[in-house]
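Just so you know, residue 1 is the first one in the sequence shown, and it goes up from there. Computed from a prediction, not measured in an experiment: that's the story for all the values here.
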Amino acid sequence: MTKSFHKPQSAALAFMVAGAVWFVVGAVYGMFSAIHLVAPEFLPHVAPLVFGRERPVHVNTMLYGFTGTMLVGVGLYYLPALLKTRLWSEPLAWIAFAFWNLTVLSGPLGFAFGYTQGREYNEYVWLADVSLVIAVACLIVNTALTIVNRREPQLYVSIWYFMATFLWTASNYPLGNVMWHPATGAMPGLIDSLFLWFWGHNLPGLLITPLATGAAYFVIPRVTRTPLNSHTLSLLGFWFLIALYSHIGGHHVLQSPIPNWLKTVSVVDSVSMVLPVSIVVINLWLTARGFGGRVWNDPPARLVMGGVVWYIITCIQGPLQSLPFLQRVTHFNNWTIGHAHIAMLGFGGYIALGAMWHVLPLVSRRPVYSNKLINLQFGLITFGLTGFFVVLTMAGLVQGSAWHNGETVLRVLPQLSPFMVMRAALGIFILTGSLVGLANLYLTLRPARAEEPLLRGEEAA
């Protein structure tokens, strides 16, 4: 094992750097997807870049590669920091890093050449599924033994969320991906939609959400230099999340002949998600109450709080669009795509970026190269994502209203052209934001010159 594998917090840094790289890769594929929605004839003979292949690369790389990977890196820092100990095994964290990123890499290398299970959010082939489960198992062992060997008696809520993320993923991922059927990764017939959306919705809800929430609970109190408003309230939000979220995937298939009791449970629990979301938001806002200037003047914290704002918008829109009467207009169109973007890039992505920029100097013991570049990244992504949300919502309402009134899909398509052009143009801002972030990260971590002092241990703590 090389020396770097044993260096404290090296795996945390590796996860965060990989997340920044995957952000660029995912954004590039997203840009190609947006171009093909405007000009389907663009590069028609390049098979790996046809829309049906590049879109799943974009989606999975942004979810698992960018947001998930970066938030795992942040968690691997705050886990031992909050427990006043060292990570139980740095080499084991590196093994998790290798298997996790092999799974993400299988997207661009596999989907682009037709190797996919062809199920929304469940596209990874069986070997990639196994690789991810191995990574999650390594993270469970490492996290659990770090907790066992802690010197801090109290388990802060971020630790609850971080540990639970991998326990939930280890139990949910194999079910949703039907791993006991390696050849297809699917069940026969209608029943497969239930397995598919079991993980399809638990991916954002029980993987990305707890990682992002744990990171926000770590960053905001540190920046405001105040205790968390309520530890009890934070745990109440934790238990509400697991009690309600695991059942709501069925609201994606309300129009199919699944059991009515399951439809009812899915809708009721979807609407009830207002409870854990409100608890998280209120708790964080009350923590920052009176210290908003500290949050606003700290670029990483501003990103994190921006993610909290997107969380509010997402979880107002999400429960509403789970209602059957509203789905008559919003289902199967660009409304849902706009919702997905603000959930994963807005909520998860903003918090991942903000927490990464907050933790980076603590891990690397180097000051961030440029806070102005963090502000630039924030501005670029905010402009692009806000535009995405507005444009895709409008396009979805055009589609849904026309279909609801009996119009054919073919006749509606020309009306979407201006929205798709705007979507592609706005994608340039998000892609540029990912490149700005990667450049800032590189300039922060590049070999230090003599005139660039490293942060002392007490400054990095």
Checklist entry - When you measure from the side chain of Thr336 to the backbone N and O of Thr330, does any donor-acceptor pair fall under 3.5 Å? => result yes
Ignoring hydrogens and angles, write down the donor-acceptor pairs under 3.5 Å from the side chains of residues 170-180, residues two or more places apart or on other chains.
unit_1	atom_1	unit_2	atom_2	d
Ser171	OG	Leu167	O	3.2
Ser171	OG	Trp168	O	2.9
Asn172	ND2	Trp168	O	3.3
Tyr173	OH	Asp129	OD1	2.5
Asn177	ND2	Asn122	OD1	3.4
Asn177	ND2	Tyr173	O	3.0

Item to check | Validation row: Val72, Phe166 side chains within 4.5 angstrom (heavy atoms) | outcome: yes
Checklist entry - Cut-off 3.5 Å, side chains only: do Tyr156 and His231 have a donor facing an acceptor? => result no
Checklist entry - Would you call the rings of Tyr311 and Phe347 parallel, tilted or perpendicular, where under 30° means parallel and over 60° means perpendicular? => result parallel
Item to check | Heavy-atom closest contact (Ile381 atom, Gly433 atom, distance) | outcome: CG1-CA, 4.2 Å
Checklist entry - Under 4.0 Å between a Lys/Arg side-chain N and an Asp/Glu carboxylate O for Arg55 and Glu120? => result yes
Item to check | Over all atoms of both residues, closest heavy-atom pair of Ala12 and Leu76 | outcome: CB-CB, 3.8 Å
Next on the checklist: Go through it in stages, so that I can follow the logic: the residues are Phe111 and Glu123, the test is side-chain contact (heavy atoms from CB on, under 4.5 Å), and I'd like the CA-CA distance, side-chain angles, deciding distance and then a yes or no.
Outcome noted: CA-CA 8 Å; Phe111 303 159; Glu123 286 97 346; 3.4 Å; yes
Checklist entry - Are the side chain of Asn371 and the backbone of Pro299 linked by a donor-acceptor contact shorter than 3.5 Å? => result no
Next on the checklist: Just so I know, are the side chains of Val280 and Leu241 near enough to count as touching, which here means a heavy-atom distance under 4.5 Å?
Outcome noted: no
Checklist entry - Yes or no on side-chain contact (heavy atoms from CB on, under 4.5 Å) for Leu83 and Ile159, after CA distance, side-chain angles and deciding distance? => result CA-CA 9 Å; Leu83 298 176; Ile159 307 298; 4.2 Å; yes
Checklist entry - Does the pair Ile312 and Trp285 meet the rule for a side-chain contact (heavy atoms from CB on, under 4.5 Å), with working shown? => result CA-CA 12 Å; Ile312 300 168; Trp285 278 6; 3.5 Å; yes
Checklist entry - Side chains of Met16 and Met356: closer than 4.5 Å at any heavy-atom pair? => result yes
Checklist entry - Does any N or O in the side chain of Thr444 come within less than 3.5 Å of the main-chain N or O of Tyr369, such that one atom is a donor and the other an acceptor? => result yes
Checklist entry - Can you check whether His331 reaches His251 side chain to side chain, under 4.5 Å on heavy atoms? => result no
Next on the checklist: Taking Ala18's backbone N and O only, do any of them form a donor-acceptor pair with Asn101's side chain (distance below 3.5 Å, no angle check)?
Outcome noted: no
Checklist outcome for this item: Smallest heavy-atom separation, Leu82 atom then Ser158 atom, equals CD1-CB, 3.9 Å
Item to check | Any Asp192 side-chain heavy atom under 4.5 Å of Arg119 side chain | outcome: yes
Item to check | Any side-chain donor near an acceptor of the partner, Trp357 and Gln377, under 3.5 Å | outcome: yes
Item to check | Distance, nearest 0.5 Å, that separates CZ of Phe113 from CG of Leu109 | outcome: 7.5 Å
Checklist outcome for this item: Nearest heavy-atom approach of Phe99 to Ala135 is CB-CB, 3.9 Å
Checklist entry - Is His181 reaching over with its side chain to a backbone N or O of Ala186, donor-acceptor style, under 3.5 angstrom? => result yes
Item to check | Validation row: Leu360, Leu13 side chains within 4.5 angstrom (heavy atoms) | outcome: yes
Checklist entry - Thr226 and Thr224: side-chain donor and acceptor closer than 3.5 Å? => result yes
Checklist entry - Hey, does Thr382 have a side-chain heavy atom less than 4.5 Å from the side chain of Phe429? => result no
Next on the checklist: If I take atom OG1 from residue Thr146 and atom CG from residue Leu79, how far apart are they, to the nearest 0.5 angstrom?
Outcome noted: 5.0 Å
Checklist entry - Which pair of heavy atoms, one from Ala288 and one from Ile220, lies closest together, and at what distance? => result CB-CG2, 4.3 Å
Next on the checklist: Going by salt bridge (charged side-chain N to carboxylate O under 4.0 Å, His left out), name the pairs with one or both residues in residues 341-359, residues two or more places apart or in two chains.
Outcome noted: none
Checklist entry - With distance as the sole test, does His247 use its side chain to make a donor-acceptor pair with the main-chain N or O of Leu244 at under 3.5 Å? => result no
Checklist entry - Tyr245 and Asp269: side-chain contact (heavy atoms from CB on, under 4.5 Å), yes or no, with the steps? => result CA-CA 7 Å; Tyr245 208 104; Asp269 282 358; over 6 Å; no
Next on the checklist: For the CZ atom on Phe51, are there more than 12 heavy atoms of other groups (residues, nucleotides or ligands in this structure) within a distance under 6.0 Å?
Outcome noted: yes
Checklist entry - So, do Leu155 and Trp160 sit near enough that their side-chain heavy atoms are less than 4.5 Å apart? => result yes
Checklist outcome for this item: So CD1 of Ile351 and CG of Leu211: to nearest 0.5 Å the spacing works out to 10.5 Å
Checklist entry - Atom CD1 in Ile208, atom OG1 in Thr213: separation rounded to 0.5 Å? => result 10.5 Å
Checklist entry - Is a side-chain donor-acceptor pair under 3.5 Å present for Gln327 with Gln321? => result no
Next on the checklist: If the test is side-chain hydrogen bond (donor to acceptor under 3.5 Å, both in side chains), which one of Trp22, Tyr64, Trp100 qualifies with Thr69?
Outcome noted: Trp100
Item to check | Straight-line distance of Leu441 CG to Leu445 CG, nearest 0.5 Å | outcome: 5.0 Å
Checklist entry - What are the two closest heavy atoms between Leu362 and Gln9, and how far apart are they? => result O-OE1, 4.0 Å
Checklist entry - When Phe23 is tested against each of Leu438, Leu345, Leu435 for side-chain contact (heavy atoms from CB on, under 4.5 Å), which residue passes? => result Leu345
Checklist entry - From Ile248 CD1 over to Asn202 CG, what is the distance, rounded to the nearest 0.5 angstrom? => result 7.5 Å
Next on the checklist: Could you check whether any side-chain N or O of Arg222 sits under 3.5 Å from a backbone N or O of Arg225, counting only pairs where one atom can act as donor and the other as acceptor?
Outcome noted: no
Next on the checklist: What I want to check is whether the side chains of Ser33 and His58 have a donor and an acceptor closer together than 3.5 Å.
Outcome noted: no
Checklist entry - Donor-acceptor pair, Lys263 side chain versus Ser256 backbone, under 3.5 Å? => result yes
Next on the checklist: Tell me if a side-chain donor or acceptor on Ser266 pairs with a main-chain N or O of Gly249 at a distance below 3.5 Å.
Outcome noted: no
Item to check | Check: Asn60 side chain, Gly107 main-chain N or O, donor-acceptor pair, under 3.5 Å | outcome: no
